[in-house]
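Everything on this sheet refers to the single structure shown next.
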Amino acid sequence: MPRLRAAMGEMAEPAVEKIAEEEQSDPFKVLISTMLSAQTRDPVTLAASTRLFARAETPREMAGLRVATIEKLIYPVSFYRNKTRHLKKTCRLLLARHSGQVPTTMAELLELPGVGRKTANLVLIVALRSQENICVDTHVHRISNRLGWVETQTPAETEEALYQVAARRWWPLLNLYLVTWGQNVCKPVYPVCGRCAISTLCPQIGVVKVGK
Ligand code: SF4
């Protein structure tokens with residue numbers, strides 16, 4: 001992890017962390033941008049979030065937007081129609097059950113439409129400064145297995161396994177470091193092992209072809 005931190009240098013931050021920084025870790029905006037980010041490239045997530053927040057900055061304002069308006073604002077994020085429905089329902093639930101605030105527990109977050117463990121963990125870590133959570137997305141799952149830290153089939157299994165093997169001080173940072181590494185070096189296809197700062201520590205499990 002220290003080697004990764006040193007090597008990350010000027011690499012671009014993942015979209016949600018960037019939004020959190022720009023928006024003073026506003027939990028609502030972190031929640032919404034994380035929901036938008038699922039299976040969507042970071043530049044698309046950033047642009048869509050910016051357009052949406054320019055029109056609606058609170059659950060009340062967002063709940064008041066028409067479906068067609070939200071769809072137009074967030075297009076072309078993946079599954080923009082489904083995500084629009086989830087955003088509207090989530091905003092209504094935040095108003096009805098949580099006085100317009102983002103809840104602060106895993107159980108309550110998971111009750112929100114379209115929110116799974118990845119989104120809930122990222123909100124807890126990035127917006128609510130939790131030190132008790134690990135957020136596992138596809139990058140964290142893939143790289144943890146390539147490194148041999150875990151031997152798992154799904155992100156959910158990886159999350160459970162990482163709680164057992166990762167030192168606690170790194171839990172909230174694992175997502176930031178490994179997503180940054182996964183977007184720039186340890187890519188899904190053709191990881192660039194030849195210029196990887198942690199190649200001497202990595203058994204490259206499951207890597208078939210490397211990139212240049
Ligand atoms: S050596 Fe290759 S497989 Fe291992 S972390 Fe680096 S890029 Fe990924």
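In each ligand, atom 1 is the first atom listed, and ligand 1 is the first ligand listed. Keep in mind that this is a model prediction, so the values were computed, not measured.
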With atoms numbered from 1 as shown, which atoms in ligand 1 lie under 4.0 angstrom from a non-hydrogen atom of [X]?
{"X": "Cys193", "result": "1 (S), 2 (Fe), 3 (S), 7 (S)"}
{"X": "Ser199", "result": "1 (S)"}
{"X": "Cys186", "result": "3 (S), 5 (S), 7 (S), 8 (Fe)"}
{"X": "Val207", "result": "3 (S)"}

| query | Side chains of Glu159 and Asn133: donor-acceptor distance under 3.5 Å anywhere? | reply | no
| Side chains of Thr45 and Thr40: donor-acceptor distance under 3.5 Å anywhere? | no
| message | Please determine whether residues Leu176 and Ile143 belong to a single hydrophobic cluster, defined as Ile, Leu, Val, Met, Phe, Trp and Tyr linked transitively by side-chain heavy-atom distances below 4.5 Å. | response | yes
| Judged by atom type as modelled, is there a donor-acceptor pair below 3.5 Å linking the side chain of Arg92 to the main-chain atoms of Pro59? | no
| request: For atom 4 (Fe) of ligand 1, find the nearest protein heavy atom and state the residue, atom name and distance (0.1 Å precision). | output: Cys202 SG, 2.3 Å
| Considering only protein heavy atoms, which is closest to atom 6 (Fe) of ligand 1, and at what distance to one decimal place? | Cys196 SG, 2.3 Å
| task | Look at the rings of Tyr75 and Tyr80 and say which category their plane angle falls in: under 30° parallel, 30 to 60° tilted, over 60° perpendicular. | result | perpendicular
